[in-house]
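We number each residue from 1, following the sequence as shown. Both counts, for ligands and for their atoms, begin at 1 and track the order of listing.
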Amino acid sequence: MSAIELRDVSVEFHEGKRTVQAVKGVSLQVQKGEIFGIVGFSGAGKSTLVRTLNLLQRPTSGKVLLDGEDITAVQGSRLRSLRKRIGFIFQGFNLITNRTVGQNINFALKAAGWPKKDRARRIKELLDIVDLGEKVDSYPASLSGGQQQRISIARALANEPEILLCDEATSALDLETTQEILSVIKRINRNLGITVVFITHELDVAKAIFDHVAVMERGTVIEQGATYDIFASPQHDTTRSLVERYLGIELPAETVAALPPGRLLEIRYKGSETYEPLISQISTRYGTPVNVLHAKIEYFGSRAIGILIILLSGAPDSVEQALRDLRDHVFSLTELERGSKGETEALAADGDGGDGADASGGDGYIAGTGDGIALKED
Ligand SMILES: Nc1ncnc2c1ncn2[C@@H]1O[C@H](COP(=O)(O)OP(=O)(O)OP(=O)(O)O)[C@@H](O)[C@H]1O
Ligand SMILES: [Mg+2]
C-alpha cells in the first residue's frame, strides 16, 4: 500500500470570472519510506499539489489517500490529528524571530499537546537529529540560513510525523548549504523511516536524493518514474529539455569550426562501465582515430550516465563499421552537425532499439532530440 496516493486530483482557483486550473487530473503514488520529488518550472502547480496532501488545499475533485485511507473530506479534530502526521517545511524558514530556537520548537510541541515535563527532553532529541544541540538558547537571527532551515526541520519533526513535505526547502540556500540540508533530510528519511515529498526546480537536488520523481507542467504530471530512468531516458520534451540543460555538454563553435575532418558524435551510456576501453578498442579494431573532445559522467549512487563527444575519423568504410559497433554498445549515439546551429540527428542507438537505424546512410536516421546538446554559435 502506498503511503500517499493521489487519484485524479484537480485544483481550480477562481479569480473574478477567471478560472485557474492549477492542478489537472494528477494521479500518483508515493511509497512508504521513499523520497519522492516533484520538479517543474515556476507555475507548474507543484506547491498547490503538495498542499493537497495535508489538505491545506482541498482538491476541487479527486481523492487524497494516506495509507489507503481516503482523507479528502476529513474535517475538525480528525483534520488536526491528520496534520500532526505530516510535517511541512518551506523555502522561508518561518521561525519566530523573538523566540529562541528551543522556544520555537516548544511552541510546536505545546500546540500538539506534549506534556510540559517531556518537552525539554524532546527539544534536545530534535536538535540532536539536526546536529544543532548547542543552539537551543540562540535566536534565529544569529543563525545561518542552513542552520535556520535545520531548526525548521527539527520543528517539523516535533510530532513524530510519518511524512515530511518540503516545498523548495533548499531554494534560498547556496550549493554547500543545500548539500548540508539534503544530507539531513536523507538521514531523517533513512534513519526515521519518514516518507519525504520534496518539491524543487533544481535537478541537482533531484539527482542527489530522489528515489522517484514526477515532472509537472501546466498542472499535469507529464512524466514520472525512478530518478535514474528519468535522467537517463526522458520521454517528454519538457523533461528532456530540463535534463539536457542539466546534463548537456556543449562545445564552443570555434572549437567545432577548427576540427579536422571526421564524424562528430555524442555518445551516452548507462550503467557502471567506463567508456575508455570501449572507445580505444573500437579505435584499434577499425583503425579509426578517436579524438575525445568532451566527457562527463554523472553518478546516481552506483549507477552512472556518461556523455562524451568524440570526433571519429578514418576511411569511410571503417568509420561505418566502427559506428555500427559503437551503436551496439552504448545507450545512444547521436551525430552532431558540424557548423549548423542546434541540428542533431540520432542514429537510433536506443538500448533495445533492435535493428533500429542503418548507420550507413540517410534513410536510417531518425529525428534528433537534444536541444541542450546543441552546438551553439552564440
Ligand atoms: N491561491 C491562489 N489563487 C489563485 N491562483 C493561484 C493560487 N495559488 C496558486 N495559483 C496559481 O496556480 C498555478 C500554480 O501555482 P503553484 O504555486 O502551485 O506553482 P509552482 O509550481 O509551485 O510554482 P513555483 O515554482 O513558482 O513555486 C499558478 O498559475 C498560480 O498563479
Ligand atoms: Mg511553488
Checklist entry - Under a heavy-atom criterion of less than 4.0 Å, does His201 contact ligand 1? => result no
Checklist entry - Does an N or O anywhere in Phe13 fall below 3.5 Å from an N or O of ligand 1? => result no
Checklist entry - Between Ala22 and ligand 1, does any nitrogen or oxygen pair lie at a separation below 3.5 Å? => result no
Next on the checklist: Any protein heavy-atom neighbour for atom 22 (O) of ligand 1 (distance below 4.0 angstrom)?
Outcome noted: yes
Checklist entry - Can you check whether Leu49 has an N/O within less than 3.5 Å of an N/O in ligand 1? => result no
Checklist outcome for this item: Quick look: Glu15 vs ligand 1, heavy-atom contacts under 4.0 Å, and the answer is side chain
Checklist entry - Thr238 and Glu217: side-chain donor and acceptor closer than 3.5 Å? => result yes
Next on the checklist: If hydrophobic clusters are built from ILVMFWY residues whose side chains come within less than 4.5 Å, do Val50 and Ile209 share one?
Outcome noted: no
Checklist entry - Taking 2.8 Å as the cut-off, does an N/O/S atom of Ser42 lie below it from the Mg ion (ligand 2)? => result no
Next on the checklist: Distance alone, cut at 3.5 Å: any donor-acceptor contact between the side chains of Ser27 and Asp8?
Outcome noted: no
Item to check | Shared hydrophobic cluster for Met1 and Leu65 (ILVMFWY, side-chain gaps under 4.5 Å) | outcome: no
Checklist entry - Do any heavy atoms of Gly40 fall under 4.0 Å from ligand 1? => result no
Checklist entry - Can you hop from Leu182 to Phe231 via hydrophobic side chains spaced under 4.5 Å? => result yes
Checklist entry - Within 45° of the six-membered ring axis of Phe300 and under 6.0 Å from that ring's centre, is NZ or CZ of Lys207 located there? => result yes
